[in-house]
Number of protein chains: 2
Amino acid sequence: MPKTRDTPQRRAIAAVLERAEGPLSVHDILQRAQREVPRLGIATVYRVLAELRRARAVVSVEVAGHPVCYEATRRAHHHHFHCRRCRTLYDVGGCVAELASLLPRGFQLEDHEIVLRGLCARCAPLSPAAPSGG
Amino acid sequence: MPKTRDTPQRRAIAAVLERAEGPLSVHDILQRAQREVPRLGIATVYRVLAELRRARAVVSVEVAGHPVCYEATRRAHHHHFHCRRCRTLYDVGGCVAELASLLPRGFQLEDHEIVLRGLCARCAPLSPAAPSGG
DNA sequence: GTTGCTGCAAAAAGTTTGCAGGACG
DNA sequence: CGTCCTGCAAACTTTTTGCAGCAAC
């Protein structure tokens, strides 16, 4: 484990992830962190994210039809809801218990991820059709 | 909905997906389908996949740390297990019931996806460490 | 002062698109 | 025989890497 230096770039990126109200794309992270460090480059964002992920401080969230997103681990265990109409990715709290029972004999469950899909409270009252090609 | 023609390429790709024992990457699909249609190009694979997805005949499976994979819809409802050691993506049958209870008021649940992570039966008896960076 | 970190730009990987010719119906 | 589909190659998007200079410690 090499020592990591404390730099403005790293602090800005970490702060953005702490403040985030939900998963952020790499582009989001870059733009928000650039408010603090204007010359921040995309390569640094990727490098810091890879490091934070290695340190288990962030996890990536990959949902079909969405750019890869990142989220700080310190936030309580939760899952995601993807609205098929407005495409927003929501955090949802809580979890389900009997996941381990799905596994065949011999498999060890260490972690899991649940993505729910449908219409969010804002979109459900409107037409049930997607806005564009899907 | 425009009419779709019956071509060897499309038949080969569909057959590969039908035969698959689990999710396949675009590269996997290309290689397997080329056994039947050697001159098949990657662009055709992408085009056919996009079409099949539009027709709800296949779904994409996106798991962090894995290339995007595709899977025929006709297979019974199931979820996935990703072994952190050998990186294999397994299908697991069954499902859990109380997912809808996770949602805030007003959200409509239409679909869901569960990814379990850990060690598969083959890797669990071995060291609990990952083979390489991860 | 040493060494790791950063920004830039180029490279690599993954996906989409334009086009001319061929195959399906 | 018209039209859609295909393969090829180029364009695009996303992510990684090389390098010289700067900053952290």
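So that the names make sense, note that chain A is the first sequence line, chain B the second, and so on, each numbered from 1.
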[N] OP1/OP2 closer than 4.0 Å to side-chain N/O of [X]:
X       : N     : result
B:Gln9  : D:dG7 : yes
B:Thr7  : D:dC4 : no
B:Arg10 : D:dC5 : yes

For this session: Identify, with sequence neighbours excluded, every residue that meets side-chain hydrogen bond (donor to acceptor under 3.5 Å, both in side chains) alongside B:Asp28.
Result: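 B:Asp28: side-chain hydrogen bond (donor to acceptor under 3.5 Å, both in side chains) contacts with B:Ser25.
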For this session: Going by the side chain to side chain donor-acceptor pair (under 3.5 Å) test, name the single residue among A:Glu110, A:Glu113, A:Gln108 that passes it with B:Arg117.
Result: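 That would be A:Glu113.
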For this session: Using a heavy-atom cut-off of under 4.0 Å over every strand shown, decide if B:Pro8 touches base, sugar-phosphate, or nothing.
Result: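 Touches sugar-phosphate only.
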Exercise. Going by distance alone, is a donor N or O of one side chain under 3.5 Å from an acceptor N or O of the other, for A:His112 and B:His79?
Worked result: no
Exercise. Any side-chain donor paired with an acceptor under 3.5 Å for A:Glu71 and A:His78?
Worked result: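 Yes, because at least one side-chain N or O of A:Glu71 sits under 3.5 Å from a partner of the opposite role on A:His78.
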Integer-rounded Å distance: [N] [atom2] and [X] [atom1]:
X       : N      : atom1 : atom2 : result
A:Ile13 : C:dC5  : CD1   : P     : 12 Å
A:Asp6  : C:dT3  : CG    : C1'   : 16 Å
A:Glu62 : C:dG14 : CD    : P     : 13 Å

Using atom types as modelled, flag every donor-acceptor pair under 3.5 Å from a side chain in residues 7-15 of chain A to any protein atom, sequence neighbours excluded.
unit_1	atom_1	unit_2	atom_2	d
A:Thr7	OG1	A:Arg10	N	3.2
A:Arg10	NE	A:Arg5	O	3.1
A:Arg10	NH1	A:Glu51	OE2	2.2
A:Arg10	NH2	A:Glu51	OE2	2.8
A:Arg11	NE	A:Asp6	OD1	3.1

For this session: Rounded to the nearest 0.5 Å, what's the gap from CG on A:Leu109 to CG on B:Leu116? Could you check?
Result: 5.5 Å
Exercise. For the base of D:dC5, is there a side-chain donor-acceptor partner from B:Arg5 under 3.5 Å away?
Worked result: no
For this session: Please work out which residues in residues 19-49 of chain A have a non-hydrogen atom less than 4.0 Å from an atom of DNA chain D and list them by number.
Result: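 Under 4.0 Å from DNA chain D: A:Ala43, A:Tyr46, A:Arg47.
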